[in-house]
Amino acid sequence: MAFYAIGDVHGCLGELQRLLEVIRFDESRDRLWFVGDLINRGPESLGVLSLVRGLGERAVSLLGNHEMRALALLNGRTVNSRHRTYMGYLLECSEREEIAHWLTTLPVMARDDATGYAMVHAGIHPSWSIDAAWRRAVGLAAFCASPQGLAPHVEVGSPPPPVEPDPSQPLLRLWYHAMSFTSIRLCNRQGMALWPGQASQYGLEKSYLWPPDDSPFRPWFEILPRPLSHKLLYGHWAAAGLTLRQDTIGLDSGCVYGGKLTALRLDSEAPFEERLFQVTCGRYADKDD
Ligand SMILES: [Mn+2]
């Protein structure tokens, strides 16, 4: 049995199929973790969904910000026109209902105590330990799977409050958790997260660019207190690229933007270079959020 984590795929079906050939993936024995953002921007999002859904329990895929956007769209929420344009395939597809349901089953965090890895799409708030993040992820997953579900509360484009709401505001708190897991990149040392769209208010050009050294905002994984109980895998930050640290590992290597699609073998203690596998990708989109 082999166990791999794969970075943001963004509808690049051909690249994903080539990567699975490179790692000689055997769906009768091996396991895959996908960091989220399987869909959008690339040419074959429906094909990627079909492949991953077809793997059943051999694969765990997380809710990324693009899956949140898709949830919003499929549930009639307001989505900005640019995002709506590149998600048109979802509205036209015959499996729309099944996909909408499948999206509600996606967790925001995965954890494997045997190998000592955990995974989130964007990151965790630096005031949370891995255990504290896990408790929030379990609560969010239960809410997503409930008849009420997350979709009615998805306000794509509207940032959550600057600090975590307390339990007396349960929906706002869940929204804050959802945004933290799927979208966080920068925080200041007081623990205030910078949400998408807020960069210019704080003198930063774009929230996905690496902040200058003198900025009070730092990547969440620089602020996160150590030691961590698990090595934490994440994606989402294509502009930062593959970011290999001992305890936080960024796997979004810019597939869809002409970069690479990356797999890391997790059931191995070998140095990164011996268990990292990549394929080159077409350039189907320009970088933005
Ligand atoms: Mn993302």
Side-chain angles (χ1 to χ4, degrees), residues 7-8 10-11 35-42 62-73 75 77-87 103 106 108-109 120-128 133 136-137 140 150-151 153-165 171-188 190-212 215-224 234-241 243 250-252 254-257 285-289:
D8 306 46
H10 280 304
V35 78
D37 280 1
L38 289 178
I39 59 169
N40 293 350
R41 299 220 160 98
L62 298 183
L63 186 80
N65 56 311
H66 280 268
E67 282 81 17
M68 280 232 295
R69 248 172 229 172
L71 257 181
L73 180 77
N75 286 277
R77 306 293 298 172
T78 306
V79 175
N80 91 28
S81 59
R82 192 168 50 89
H83 297 160
R84 199 179 175 83
T85 303
Y86 68 56
M87 291 194 289
L103 292 172
L106 301 183
V108 291
M109 184 171 181
V120 291
H121 177 63
I124 64 173
H125 193 279
S127 67
W128 304 342
R136 287 163 172 82
L140 191 57
L150 183 67
H153 309 286
V154 172
E155 294 286 355
V156 174
S158 88
V163 295
E164 184 175 22
L171 291 178
L172 207 54
R173 188 170 155 90
L174 285 162
W175 177 233
Y176 183 93
H177 294 166
M179 283 295 289
S180 297
F181 285 113
T182 61
S183 300
I184 204 166
R185 288 193 188 100
L186 300 178
C187 288
N188 67 15
Q190 289 71 47
M192 192 191 94
L194 190 74
W195 301 113
Q198 295 182 327
S200 62
Q201 291 173 43
Y202 296 95
L204 292 169
E205 198 182 338
K206 298 273 188 192
S207 61
Y208 60 82
L209 298 178
W210 197 266
S215 170
F217 287 97
R218 306 308 313 156
W220 62 271
F221 46 84
E222 282 189 4
I223 297 179
L224 200 62
Y234 63 94
H236 187 62
W237 204 342
T243 306
L251 291 175
D252 188 343
C255 186
V256 96
Y257 305 115
D286 293 321
K287 281 199 180 81
D288 73 348
D289 66 341

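Worth saying up front: this structure is predicted, and the values here are computed from it rather than measured. Positions are given from 1 along the sequence.
Annotation: side chain of Ser215 is not in contact with side chain of Asn188 (no heavy-atom distance under 4.5 Å). Residues Ile124 and Leu224 have side chains in contact (heavy-atom distance under 4.5 Å, counting atoms from C-beta outward). When side chains are defined from C-beta on, Val120 does not count as touching Ile184, because their heavy atoms never get closer than 4.5 Å.
With rounding to the nearest 0.5 Å, the separation of CG in Leu71 from CG in Leu106 is 7.5 Å. Rounded to the nearest 0.5 Å, atoms CE (Met179) and CE (Met68) are 5.5 Å apart. Here CZ of Arg173 is found 11.0 Å from CG of Leu140. Values are rounded to the nearest 0.5 Å. Here the CG atom belonging to Asn80 is positioned 8.5 Å from the OG1 atom belonging to Thr85, to the nearest 0.5 angstrom. The structure places CZ of Arg185 at 14.5 Å from CZ of Phe217, a figure rounded to the nearest 0.5 Å. The CG atom of Asp8 sits 8.0 Å away from the OH atom of Tyr257 when rounded to the nearest 0.5 Å.
Counting only distance, with no hydrogens or angles, the side chain of Thr243 and the backbone of Gly241 share a donor-acceptor pair below 3.5 Å. In this structure a side-chain-to-backbone donor-acceptor pair under 3.5 Å is missing from His121 to Val108. A donor-acceptor pair under 3.5 Å links the side-chain atoms of Trp220 to the main chain of Ala122, judged by distance alone. The backbone N or O of Asp37 sits less than 3.5 Å from a side-chain atom of Glu67, completing a donor-acceptor pair.
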**OP:** Begin from the C-alpha positions of Glu164 and Arg136 and carry the test side-chain contact (heavy atoms from CB on, under 4.5 Å) through to its verdict.
**Re:** CA-CA 12 Å; Glu164 184 175 22; Arg136 287 163 172 82; 2.7 Å; yes
Original post:
For Tyr208 and His236, what are the C-alpha separation, side-chain angles and deciding distance, and is it a side-chain contact (heavy atoms from CB on, under 4.5 Å)?
Top reply: CA-CA 9 Å; Tyr208 60 82; His236 187 62; over 6 Å; no
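Annotation: Gln201, atom CD; neighbour count of heavy atoms from other residues, nucleotides and ligands within 6.0 Å is above 12. Within a 6.0 Å sphere centred on CZ of Arg77, other residues, nucleotides and ligands contribute more than 12 heavy atoms.
The aromatic rings of Tyr176 and Trp195 sit perpendicular to each other, their planes meeting at more than 60°, with 30° as the lower class boundary.
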